[in-house]
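Take a look at the structure below.
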Amino acid sequence: QVQLVESGGGLVQAGGSLRLSCAASGRAFSNAPMGWFRQAPGKEREFVAAISRSGINTWYSDSVKGRFTISRDNAKNTVYLQMNSLKPEDTAVYYCNAVLYESSRRAVGPWGQGTQVTVSS
């Protein structure tokens, strides 16, 4: 089973950038399509982005398309989320997880602790 540790969150002004990292343990990482999700206060967790096993194909929610970029380094068992042009509505706890299949928006497996992103206006 893959264990996930997210990092890289913080407080940033609107228009700024952050890069999140998700370190995964377990040999299954390179075989799993991965995704980023987020949960804002009082809201349900939502899909943000996903990436194929190879890293060639990516998918994004409409709300982040053009601003966020998901990538992965299978040699380091790590998936990243580069977030640019951040908006206050991006404020949330961000989580990574494996997704059910490539292009899926459904997470599988246990959640990590997440990393808090706060965007001030």
Side-chain angles (χ1 to χ4, degrees):
Q1 185 171 347
V2 177
Q3 293 183 323
L4 306 164
V5 178
E6 301 91 345
S7 63
L11 173 64
V12 64
Q13 288 188 332
S17 298
L18 283 173
R19 189 194 195 201
L20 307 183
S21 298
C22 171
S25 63
R27 291 175 290 177
F29 174 81
S30 62
N31 293 325
M34 297 293 294
W36 281 96
F37 300 79
R38 66 187 182 185
Q39 187 167 21
K43 295 186 177 181
E44 292 187 354
R45 187 148 35 198
E46 65 174 359
F47 168 83
V48 174
I51 189 166
S52 62
R53 294 172 181 83
S54 66
I56 291 175
N57 296 308
T58 57
W59 299 269
Y60 298 93
S61 68
D62 288 343
S63 62
V64 308
K65 195 174 297 181
R67 300 188 297 121
F68 291 10
T69 302
I70 187 171
S71 62
R72 68 189 295 164
D73 185 337
N74 287 341
K76 296 182 178 179
N77 279 7
T78 302
V79 62
Y80 304 97
L81 186 68
Q82 176 67 43
M83 306 186 296
N84 298 328
S85 301
L86 282 161
K87 304 175 181 180
E89 52 263 44
D90 294 319
T91 295
V93 179
Y94 283 72
Y95 304 86
C96 68
N97 210 329
V99 294
L100 187 59
Y101 53 83
E102 295 196 353
S103 79
S104 171
R105 300 185 174 205
R106 180 179 172 183
V108 296
W111 295 98
Q113 85 287 349
T115 186
Q116 175 71 48
V117 171
T118 303
V119 184
S120 63
S121 58

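The structure displayed is predicted, hence computed values, not measured ones.
Between Trp36 and Phe68, a ring centre-to-centre spacing not shorter than 6.0 Å is recorded.
Among all heavy-atom pairs drawn from Leu81 and Ala49, the shortest one is CD1-CB, 4.3 Å. Across all their heavy atoms, Val117 and Met83 have their closest contact at CG2-CE, 3.8 Å. Taking every heavy atom of both residues into account, Ser71 and Val79 meet most closely at O-CG2, 3.1 Å. Nearest heavy atom pair, residue Arg67 against residue Asp90, reads NH1-OD2, 2.7 Å. When all heavy atoms of Tyr94 and Glu6 are compared, the pair lying nearest together is O-CG, 4.0 Å. Heavy-atom minimum distance, Ser104 versus Leu100: OG-CB, 3.6 Å.
Although no hydrogens or angles enter the test, the distance criterion places no donor-acceptor pair under 3.5 Å between the side chain of Ser63 and the main chain of Ser61. Distance alone, capped at 3.5 Å, is enough to place a donor-acceptor pair between the Arg105 side chain and the Tyr60 backbone. Looking only at distances, a side-chain donor or acceptor of Asn97 sits under 3.5 Å from a matching main-chain atom of Val108. Under a 3.5 Å cut-off, the side chain of Glu102 and the backbone N or O of Arg53 do form a donor-acceptor pair.
Looking at Asp62 and Lys65, a side-chain N of the basic residue comes within less than 4.0 Å of a carboxylate O on the acidic one, giving a salt bridge.
In this structure, Arg45 is positioned above the aromatic face of Tyr95, its NZ or CZ under 6.0 Å from the six-membered ring centre and within 45° of the axis. The cationic group of Arg72 does not satisfy the cation-pi geometry with Tyr80, failing either the under 6.0 Å distance to the six-membered ring centre or the 45° limit from the ring axis.
Taking CD1 from Ile70 and SG from Cys96, the interatomic distance works out to 9.0 Å, rounded to the nearest 0.5 Å. Atoms CZ and OG1, on Arg38 and Thr91 in that order, are 9.0 Å from each other to the nearest 0.5 Å. To the nearest 0.5 Å, atoms CG (Leu11) and CG (Leu18) are separated by 9.0 Å.
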Please assess Ser17 against Asn84 for the test side chain to side chain donor-acceptor pair (under 3.5 Å), listing each intermediate value before the final yes or no.
CA-CA 4 Å; Ser17 298; Asn84 298 328; 2.9 Å; yes
Under the side-chain contact (heavy atoms from CB on, under 4.5 Å) criterion, do Thr115 and Leu20 qualify, and how do the steps go?
CA-CA 8 Å; Thr115 186; Leu20 307 183; 4.0 Å; yes
List the steps, then state whether ring-ring contact (aromatic ring centres under 6.0 Å, His included) holds for Phe47 with Trp59.
CA-CA 10 Å; Phe47 168 83; Trp59 299 269; 8.8 Å; no
Could you walk me through whether Met34 and Val99 pass the side-chain contact (heavy atoms from CB on, under 4.5 Å) test, one step at a time?
CA-CA 5 Å; Met34 297 293 294; Val99 294; 6.0 Å; no
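By the rule that hydrophobic residues join a cluster once side-chain heavy atoms approach within less than 4.5 Å of another member, Val12 and Val64 end up as members of one cluster. Connection of Ile51 to Trp111 is not established within any shared hydrophobic cluster, with ILVMFWY side chains joined at heavy-atom distances below 4.5 Å, either directly or through further cluster members.
Contact of the Pro33 side chain with the Ser52 side chain is not registered, since no non-hydrogen atoms from C-beta on lie closer than 4.5 Å.
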